[in-house]
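Structure first, then comments.
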Amino acid sequence: MELSKLAKELKPSATLAITAKAKEMKSQGIDVIGFGAGEPDFDTPDNIKEFAKRSIDNGFTKYTAASGIDELKNAIISRIKEDYSVEYDKKEIFVGSGAKHVLYNLFQVLLDADDEVIIPAPYWVSYPEQVRIAGGKPIILSTEQSKGFKVTPSEIQSVITDKTKILVLNYPSNPTGVTFTKEELIEIANIAEKNNLIIISDEIYDKTLYSETNHTSFVQINNSIKERTILVNGVSKTYSMTGWRIGYAAGNKNVLAAMNNLSGQSTSNPTSIAQKASVEAFSGPQDKVGEMVIEFKKRRDFICEELNNIEGISCLIPDGAFYVFPDISYYFGKSYKDGKIENSVDFADFLLNEAKVAVVPGVEFGSDKNIRISYATSMHDIKEGVKRIKEKLNEFFS
Ligand code: PMP
Ligand code: GLU
């Protein structure tokens with residue numbers, strides 16, 4: 001059967017593909033350490049699970065409004081207000097089947113053919129593909145590790161054309177873990193205002209932050225910026241609920257009404273039971289969130305120290321999220337028994353085949369000098385995985 005042009009050009013999600021490959025190797029009895037998945041290893045907190053079970057018993061198992069139930073929208077509004085002192089109306093909240101689905105709908109309803117979307121790199125794998133699927137043009141803005149992987153206002157200004165419609169921000173970042181200070185955000189906001197840009201601010205790692213200063217949401221900057229920003233977040237990372245598939249957008253009600261129409265014609269509502277569970281996630285006790293972050297920080301400190309002690313590897317200490325994105329380009333040009341390392345894909349293949357450690361090649365995030373290692377896995381696996389990487393790389397010097 002002949003596939004559509006779109007389907008032929010579509011790339012698989014590298015993060016999901018590598019996670020699946022590691023799982024498959026494990027099921028074949030191969031002892032692989034999986035550093036691929038950006039998925040907390042903690043169980044969903046019990047109070048959330050109980051809420052879901054109760055909603056099944058109470059028969060909350062039917063269709064809901066395509067953009068989510070009012071109870072969940074109210075819980076999201078209260079959470080944003082408590083966290084950021086910013087107010088939204090129910091019409092300004094859209095609930096989708098994960099933040100990925102929310103972002104997909106956003107690009108679909110905002111982009112016409114050839115509209116340009118500025119995406120600072122390293123970026124999360126799905127942004128450029130989702131923009132392309134919507135017919136838009138991703139404009140990738142590379143940043144350097146030596147400059148902290150931070151995009152500057154003048155760099156943003158330099159790629160703005162009369163076709164530029166959206167700027168995507170993601171902080172703390174997947175894959176670098178880098179975040180912005182309030183002052184940096186204000187400067188970016190000024191550029192957005194001056195050039196009449198829409199900002200999609202993906203703040204899904206807002207709670208997974210290790211620095212002393214709190215996360216500043218882009219919608220906190222001022223009211224005018226709030227009006228031109230669509231805030232994206234969800235339950236996957238903060239509450240360890242990746243499989244439940246609940247994400248949301250907060251922002252302009254006309255945009256959200258269009259997203260509601262799109263969901264109404266495609267997915268319908270996100271799972272009713274997961275919506276109920278998410279009410280409890282946003283409004284119930286929040287102590288488990290802090291406990292998870294403390295554990296992630298221990299892992300971050302350990303993995304960064306160990307990696308930076310390996311010859312030829314250098315990584316920034318991430319401010320948040322649960323990834324490290326070390327530069328491994330020192331190994332380009334080196335040969336081993338089955339091949340030669342020329343780029344990040346070769347390096348990731350080398351680690352998978354020789355060290356039995358699964359990582360994601362940096363090229364998938366727009367930086368071929370790096371690899372992404374997720375430390376959202378047990379300390380036991382982190383220790384073992386790093387040990388394997390170290391031993392294999394040491395063989396280049398023996
Ligand atoms: N944005 C970023 C930056 C992500 O890393 C992810 C994947 N974890 C998502 C959005 C999508 O998350 P989900 O669909 O699970 O809500
Ligand atoms: N976002 C996570 C990651 O980057 C999960 C996989 C995905 O949604 O692409 O690994």
Side-chain angles (χ1 to χ4, degrees), residues 10-23 34-42 44 68 72 76 94-107 119-131 133 149 168-180 200-209 215 218 230-250 263 267 270-271 274-275 277-278 281-282 296 318-325 348 358-367 370-377:
L10 203 55
K11 272 180 36 175
S13 160
T15 45
L16 295 183
I18 287 177
T19 309
K21 190 164 177 189
K23 275 191 185 151
F35 284 152
E39 165 163 77
D41 55 319
F42 304 107
T44 302
L72 177 53
I76 291 167
F94 168 89
V95 181
S97 305
K100 191 183 271 186
H101 173 232
V102 169
L103 288 158
Y104 180 89
N105 272 14
L106 262 173
F107 292 124
I119 304 175
Y123 48 74
W124 177 50
V125 290
S126 292
Y127 302 135
E129 280 311 289
Q130 291 197 347
V131 168
I133 295 169
F149 282 131
V168 176
L169 292 178
N170 169 223
Y171 64 96
S173 150
N174 176 2
T176 66
V178 167
T179 198
F180 290 109
I200 294 183
S201 193
D202 180 348
E203 302 181 21
I204 198 157
Y205 297 99
D206 65 338
K207 297 287 183 298
T208 318
L209 189 67
H215 177 85
F218 211 66
I230 312 281
L231 173 66
V232 176
N233 206 327
V235 295
S236 285
K237 315 294 169 173
T238 304
Y239 303 103
S240 204
M241 290 176 71
T242 45
W244 298 76
R245 311 308 302 129
I246 296 291
Y248 71 80
S263 275
T267 53
T271 309
Q275 289 191 63
S278 300
F282 288 122
F296 282 137
D319 303 306
F322 30 66
Y323 311 101
V324 269
F325 199 60
V359 302
V360 190
V363 69
E364 301 289 349
F365 306 89
S367 180
N370 301 71
I371 54 165
R372 191 191 77 174
I373 295 179
S374 163
Y375 53 89
T377 188

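None of the values given here were measured: they were computed from a predicted structure. In listed order, ligands and their atoms are each counted from 1.
Rounding to the nearest 0.5 Å gives a distance of 13.0 Å between OH of Y104 and OG of S97. Considering CG of N233 and CD of E203, their distance stands at 7.0 Å, rounded to 0.5 Å. Rounded to the nearest 0.5 angstrom, L209 CG and Y171 OH are separated by 10.5 Å.
The heavy-atom pair separating V168 from P120 by the smallest distance is O-CD, 3.1 Å.
Electrostatic pairing of R372 and E364 does not count as a salt bridge here, judged by no charged N lying under 4.0 Å from a carboxylate O.
Near ligand 1, G98, A99, K100, W124, Y127, N170, N174, D202, I204, Y205, S236, K237, R245 each place a heavy atom less than 4.0 angstrom from the ligand.
The aromatic rings of Y375 and F296 sit perpendicular, their planes meeting at an angle over 60°, well past the 30° parallel limit.
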Name each N or O atom in ligand 2 that is under 3.5 Å from a protein N or O, and give the partner atom and the distance.
residue	atom	partner	partner atom	Å
ligand 2	1 (N)	W124	NE1	3.3
ligand 2	4 (O)	W124	NE1	3.2
ligand 2	4 (O)	N174	ND2	2.9
ligand 2	4 (O)	R372	NH1	2.9
ligand 2	8 (O)	K100	NZ	3.1
ligand 2	9 (O)	T15	OG1	2.7
ligand 2	9 (O)	K100	NZ	3.3
ligand 2	10 (O)	G38	N	2.9
ligand 2	10 (O)	R372	NH2	2.8

With side chain to side chain contact (heavy atoms under 4.5 Å, CB included) as the criterion, how do S263 and F94 come out once you've worked through the C-alpha distance, each side chain's angles and the decisive distance to 0.1 Å?
CA-CA 10 Å; S263 275; F94 168 89; 3.3 Å; yes

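With sequence neighbours excluded, no residue forms a side chain to side chain donor-acceptor pair (under 3.5 Å) with T179. For the ring pair (Phe, Tyr, Trp, His ring centres under 6.0 Å) test, residues two or more places apart in sequence or in another chain that qualify with Y205 are F322, Y323.
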